[in-house]
Amino acid sequence: MKNPKTIIGVGLLTFIVILAVIGPTIAKGLTGSENPLSIGGYRPYQLPTAENLIGTDGDGRDGMAVFLSSIGPSLRIGVIAGVIATAIGVTLGFTAGYLGGKIDIFLRIIIDMVLVFPILPLMLTLALLIDRWNLDTLAILLGLFGWAFVARVIRPQVLSLRERSYVDLAVLSGQSTFKIIIFELLPGLLPYIGYSLSLSIVGAMLAEAGLQIIGIGAGSTPTLGLMIGKGIREGVIAVGLTGQMLLPAAMLILTFLSLNLINLSLDETYNPRLRRLVEDKVS
């Protein structure tokens, strides 16, 4: 029987990705303009109408067109930053847990230092040094600063898996280190890697939103974070344009929910104890 969490999670994620891909095209159809993000196309702060479903923003742009055009760039930031953070975190966490000894002590100190390092002042400083950063630059920076939590999650799991009897048996049977890592350790880490990746993706998207709120985001490129930050600064809720805040916030929540459901289903698939509990409930 298929896990319902997998079906719902994959379904939601598929919907979000499809909307991100076709969103700009829909935006052009809604506005009838080749560039739906052109400034001054409508009267600023216009309340929702049949033509402008969630009203217009302070720049005179259709709010729905901006929203539909923002999903793709936000996902791009999340995926780039999430993959970078997960790759670095898994590599360092795995190295620390598998090799142990002085290497583990050294890497654990580095991980703890990065975890407590105040990232916001560093991002503020970089914003002053970098004249204009684009989405990819911001995503890379978020990924480079976001790996410590992933390493903290992976390291103890590797320490635990390394002590399992089947790993000892693989070592005694003469299997290479590469085969032990790929066939014995990696399958047990998949749910944790998925968990780390999902949190890193959503964390990067939320971090971008936070940076936009304080005014150091990636310029004027439309993102969900830019909509939220711009909406707060312009007070759109006070003038009745609630949808311009709720829709991007809801999309961030849906993204987190879809990835978390997929991760939970992975955990139930690869975690023997959870798998038995699920099978007992089904039977």
Side-chain angles (χ1 to χ4, degrees), residues 8-31 33 36-79 81-82 135 138-139 142 198-262:
I8 298 173
V10 172
L12 282 175
L13 187 59
T14 302
F15 167 74
I16 293 169
V17 171
I18 291 175
L19 195 59
V21 172
I22 67 175
T25 303
I26 298 176
K28 291 179 181 179
L30 288 175
T31 61
S33 170
L37 300 178
S38 58
I39 295 177
Y42 299 92
R43 180 168 57 85
Y45 302 120
Q46 182 175 303
L47 293 178
T49 63
E51 184 181 5
N52 308 114
L53 298 177
I54 59 173
T56 62
D57 65 7
D59 295 320
R61 300 179 297 185
D62 179 69
M64 183 60 73
V66 176
F67 168 69
L68 292 171
S69 302
S70 300
I71 302 172
S74 288
L75 280 180
R76 179 171 179 167
I77 290 175
V79 171
L135 289 183
L138 178 59
L142 290 174
S198 63
L199 285 187
S200 297
I201 290 174
V202 178
M205 295 172 69
L206 293 175
E208 187 269 337
L211 293 175
Q212 291 283 9
I213 290 173
I214 62 177
I216 59 171
S220 59
T221 304
T223 63
L224 298 175
L226 179 61
M227 280 196 74
I228 295 173
K230 195 169 183 293
I232 292 175
R233 290 191 296 272
E234 296 178 353
V236 295
I237 294 180
V239 296
L241 299 172
T242 310
Q244 294 185 27
M245 291 285 289
L246 292 182
L247 276 181
M251 185 57 63
L252 289 174
I253 293 172
L254 278 180
T255 304
F256 173 78
L257 180 62
S258 64
L259 293 172
N260 197 42
L261 285 173
I262 294 172

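Throughout, residue positions are numbered sequentially from 1 according to the sequence presented.
Panel note: side chain Asp57, backbone Asp59; a donor-acceptor pair is recorded below 3.5 Å. In this structure a side-chain-to-backbone donor-acceptor pair under 3.5 Å is present from Thr56 to Arg43. Remark: the backbone N or O of Ile54 is paired with a side-chain donor or acceptor of Gln244 at under 3.5 angstrom.
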CA sep, side-chain torsions, deciding dist, call: Leu252, Ile228, side chain to side chain contact (heavy atoms under 4.5 Å, CB included)
CA-CA 11 Å; Leu252 289 174; Ile228 295 173; 3.8 Å; yes
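Considering only heavy atoms from C-beta on, Leu247 comes within 4.5 Å of Met64 through its side chain. A 4.5 Å side-chain heavy-atom check between Leu241 and Pro48 finds at least one atom pair inside the cut-off. Counting heavy atoms from C-beta on, the side chains of Met251 and Leu19 come closer than 4.5 Å. Residues Tyr45 and Glu234 meet the side-chain proximity criterion, which asks for heavy atoms closer than 4.5 Å.
Rounding to the nearest 0.5 Å gives a distance of 11.0 Å between OG of Ser198 and CG of Leu257. Distance CG/Leu53 to CG/Asp62: 7.0 Å, rounded to 0.5 Å. A distance of 13.0 Å separates CG in Leu142 from CD1 in Ile201, rounded to the nearest 0.5 Å. Between the CG atom of Leu13 and the CD1 atom of Ile18 there is a distance of 10.0 Å, given to the nearest 0.5 Å.
Residue Pro24 comes nearest to Ala20 through the heavy atom pair CD-O, 3.6 Å, listed as atom of the first residue, atom of the second, then distance. In plain terms, the two heavy atoms of Lys230 and Gly58 that are nearest each other are NZ-N, 3.7 Å. Of all heavy-atom pairs between Ser70 and Leu224, the closest is CB-N, 3.6 Å. Closest non-hydrogen pair, Ser74 versus Glu208, comes out as OG-OE1, 4.4 Å. Between Ala81 and Ala204, the shortest heavy-atom distance links the atoms CB-CB, 3.5 Å. Between Val236 and Met245, the closest heavy-atom pair is CG2-CG, 3.4 Å.
When each of Val17, Ile71, Leu75 is paired with Thr255, the side-chain contact (heavy atoms from CB on, under 4.5 Å) condition holds for Leu75 and for no other.
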